[in-house]
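Taking it in order: structure first as structure tokens, then the write-up.
Just so it is clear, the structure is predicted and the values come from calculations on it, not from any experiment.
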Amino acid sequence: MLQQTQVATAIPYFHRFLSRFPTVEALAAAELEQVLAAWRGLGYYSRARNLHRAARELGAANAGGLPSTARELALLPGFGRYTAGAVASIAFGEQVPAVDGNAARALSRLFCVEGTPRLRETALWELAGRLCRGERPGDLNQALMELGALLCRAETPLCDRCPVRRACRALSHGRVQAIPPARPRRARQSLRLTAAVWIRQRRVLLARREERGLFGGLWELPCSEARGRPDATLRALLGPRLRVGRMLGELKRTLTHRELTLRLYEVSGGRPPATAAPYRELRWVGPASARRLAMSTAMQLALATALRRPLADKRKEALSSR
DNA sequence: AAAACGTGGCA
DNA sequence: TTGCCAAGTTT
């Protein structure tokens with residue numbers, strides 16, 4: 001949960017998740033859909049899919065027990081170098097580094113680490129590897145991350161209060177602001193989606209995405225990329241005899257690499273197909289059940305519009321209904 | 001190995 | 001409002 005996510009954001013999810021899946025066995029026994037539902041709104045859903053896979057591998061291999069070395073941990077899905085190092089050092093006391101974004105920034109400044117991204121990466125892990133060879137490698141690793149998060153911050157570092165300011169090479173060289181360099185960001189691609197709002201007997205038609213890529217495994221209003229007229233787009237998805245009515249609303253949402261625009265159209269007509277590629281499943285869902293399904297925040301907002309939930313702040317409402 | 005992958009907080 | 005980043009990993 002902490003991968004690319006601030007601690008404060010993850011905490012409530014963490015508690016709910018652990019009460020829902022208290023053990024590796026419980027997680028392994030659960031359906032992916034339930035795991036994704038518990039992850040709903042947290043983002044980067046591949047983490048939930050990987051964690052679920054890891055639980056199943058562990059259950060099969062050693063009765064749910066975790067391996068205790070970074071080397072073995074790194075074999076599990078979702079465990080990269082950082083996570084494997086963090087678990088090994090913090091939970092098992094292994095003398096291995098764990099360099100997250102915060103630690104990387106703090107180390108970069110302390111030792112004036114510069115150069116190409118690749119060289120810096122190597123240097124940072126090397127430095128962290130030396131530092132963690134003490135009695136409490138887990139504490140060292142956490143202290144480094146904490147230093148980066150609380151004091152050696154990206155925009156406004158608090159060098160006045162830094163306990164290692166006398167050792168900081170970036171500070172003595174006047175390069176604190178220049179290190180580390182901001183990483184280049186790619187421009188966002190716009191993704192325009194046309195979505196079907198098909199309501200029948202108080203239920204809305206939802207679709208489950210395939211388990212990969214954007215929003216993989218999550219439920220949503222059936223939609224596809226807008227090419228040409230909305231009626232043509234939606235008939236290609238749900239059948240040629242579909243009746244496409246008025247537009248019910250539009251939703252814009254910014255993701256890291258996407259500018260998402262979702263246009264909602266009222267549709268009706270006959271019965272939907274058994275399946276609609278590339279979806280894995282179609283299902284009629286009542287509003288109460290919809291609120292419990294695995295769904296992105298974007299789609300929660302869209303659904304709130306589609307079902308015409310009253311109230312100005314649909315965003316807050318959608319989020320609080322988890 | 002560059003690009004994709006969500007969402008929220010903060011200045 | 002906009003940009004940047006967050007206890008990164010996968011393909």
Side chain of [X]: nearest nucleotide among [options]?
| X | options | result |
| --- | --- | --- |
| A:Q142 | B:dT7, C:dC5, C:dA7 | C:dA7 |
| A:E146 | C:dA7, B:dT7, C:dC4 | C:dA7 |
| A:R105 | C:dC5, C:dT9, B:dG8 | C:dC5 |

query = Tell me: CG of A:L73 to P of C:dA7, nearest whole Å?
reply =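 Whole-Å distance recorded here is 21 Å.
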message = In whole Å, I'd like the distance from the CG atom of A:L214 to the C1' atom of B:dT7.
response =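 These atoms are roughly 12 Å apart.
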request  = May I ask you to decide whether A:R280 forms a salt bridge with A:E210, counting only side-chain N to carboxylate O separations under 4.0 Å?
outcome  =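 Between A:E210 and A:R280 there is no salt bridge, as every charged N stays at least 4.0 Å from the carboxylate O atoms.
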ask   = Going by modelled atom types, is there a donor-acceptor pair between the base of B:dG6 and the side chain of A:T256 at under 3.5 Å?
value = yes
Any N/O donor-acceptor pair, A:T5 side-chain to B:dT7 base, under 3.5 Å = no
Look at all strands and tell whether [X] reaches a base, only sugar-phosphate, or nothing, counting heavy atoms closer than 4.0 Å.
| X | answer |
| --- | --- |
| A:N141 | nothing |
| A:T156 | nothing |
| A:R81 | sugar-phosphate |

key: All salt bridge (charged side-chain N to carboxylate O under 4.0 Å, His left out) counterparts of A:R71, not counting sequence neighbours   =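 Result, salt bridge (charged side-chain N to carboxylate O under 4.0 Å, His left out) vs A:R71: none returned.
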key: Transitive ILVMFWY side-chain link A:V176 to A:L127, under 4.5 Å   =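 In one cluster with A:V176: A:L127, no.
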ask   = Will you find, in the side chains of A:Q300 and A:R40, an N or O donor that is under 3.5 Å from an N or O acceptor?
value =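 There is such a pair between these side chains.
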note = Result for 5'-nearest mapping on DNA chain C, choosing between A:Q6 and A:L76, is A:Q6
remark   = Contacts of A:E155 and A:R186 projected onto DNA chain B by closest heavy atom; the upstream (5') one is A:R186
message = Rounding to an integer number of angstrom, what distance separates C:dA7 and B:dA3 when you compare their C1' atoms?
response =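 Going atom to atom, C1' in each nucleotide, I get 22 Å.
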request  = Provide the distance between the two P atoms, one in C:dT11 and one in B:dG6, to the nearest whole Å.
outcome  = 13 Å
